[in-house]
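Side chains are part of it too, since the values below use all heavy atoms of this structure and drop only hydrogens, waters and symmetry mates.
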Amino acid sequence: MTAEPSTTNNTSTKQWHSRAGLFFCFAALVLLVFATVSAPIWERISFLNTNIEGREIHFGVFGYTGSARHLGYRIDQLNTRNGLFNSTVVRNLTYVLVLHPIVAGLAFIAVIFGIWGAASPPVGTIIMYVVAALATVPTLVLWVIDMVLFGITRNKLRGQGYPAQYGNANWLVLGAFVALLLGTCTGCLGILSSRRTPRATPHRQ
């Protein structure tokens, strides 16, 4: 009595979906970590770049170039011409930036369960897909908030005659959303394919 070829194919398909899902979750984790450690921690990563009176300033999750590192910061403390950053909306939105390390933590949990699922029963892989799905929507919302917050700041800076443009961290968060979405879709396809694959039936020699 031998197993049908479909059984082997089904196992290979599950392994492929598991590894692909793990890869996408890991990619999302790396991108979110990079975005989290943006300026003033890592000046090469930023959400908004400007030049005020000859001073280059990069905005990040926990502040901007030269500021203290803390959650929620006042952009109106910048020494601009007209001081137009006295906005409660902007100040409140900077507190929402704490979602970056939170969604990065969810991606990390997904990766841990994905590694566990690759080395043991598939329950770890299933949990990885669930956590990735839970992190996908908040990541999209976070990207929208990033674009709104730093879009407002960019427009105000330009209104005062300062050059300002989006930084690379915005696209890192967008890339993380795409990676999490692909990881979730890969998991769904893997589950659907495993259910549609017919069970192996023994045959006599």
Does any non-hydrogen side-chain atom of Phe24 lie less than 4.5 Å from one of Leu180?
no
Taking every heavy atom of Ala179 against every heavy atom of Ala27, the minimum-distance pair comes out as CB-CB, 4.4 Å
Applying side-chain contact (heavy atoms from CB on, under 4.5 Å) to Val141 and Leu99, what does each step give before you reach the verdict?
CA-CA 10 Å; Val141 173; Leu99 288 175; 5.6 Å; no
With rounding to the nearest 0.5 angstrom, report the CD1 to CD1 distance, Ile57 to Ile52.
4.0 Å
Should we say atom CZ of Phe113 is surrounded by more than 12 heavy atoms from elsewhere, each under 6.0 Å from it?
no
Do the ring centers of Phe47 and Phe59 come within less than 6.0 Å of each other?
no
Would you name the heavy atoms of Ala35 and Val61 that are closest together and state the gap between them?
O-CG2, 3.4 Å
Student check: side-chain heavy atoms of Leu157 and Leu48 closer than 4.5 Å
yes
Considering non-hydrogen atoms only, spot the tightest contact between Tyr73 and Thr94 and give its length.
N-OG1, 3.3 Å
Pick from Leu29, Leu134, Val131: which one makes a side-chain contact (heavy atoms from CB on, under 4.5 Å) with Ile109?
Val131
Less than 4.5 Å apart, side chain to side chain, heavy atoms only: is that true for Ile45 and Val37?
no
Separation between CE (Met147) and CG (Leu174), nearest 0.5 Å, reads 8.5 Å
Would you say that more than 12 heavy atoms from the other residues, nucleotides or ligands in this model lie under 6.0 Å from the OH of Tyr166, or not?
yes
If we check side-chain contact (heavy atoms from CB on, under 4.5 Å) with Phe150, which of these qualifies: Asn49, Leu97, Leu93?
Leu97
Beyond-backbone contact of Val103 with Leu142, side-chain heavy atoms, under 4.5 angstrom:
yes
For atom CZ of Arg158, is the number of surrounding heavy atoms from other residues, nucleotides or ligands below 6.0 Å larger than 12?
yes
What's the shortest heavy-atom distance between Thr36 and Pro101, and which atoms?
OG1-N, 3.6 Å
Sequence neighbours excluded, which residues qualify as side chain to side chain contact (heavy atoms under 4.5 Å, CB included) partners of Asn155?
none
Contact between Leu71 and Tyr95 at the side-chain level, heavy atoms closer than 4.5 Å - yes or no?
yes
Does any non-hydrogen side-chain atom of Leu31 lie less than 4.5 Å from one of Val173?
no
So, do Met128 and Cys25 sit near enough that their side-chain heavy atoms are less than 4.5 Å apart?
yes
Would you say Gln165 has more than 12 foreign heavy atoms packed within less than 6.0 Å of its CD?
yes
Where do Ile115 and Leu22 come nearest, in terms of heavy atoms and distance?
N-CD1, 4.0 Å
Heavy-atom pair of closest approach, residues Thr65 and His58:
OG1-N, 2.8 Å
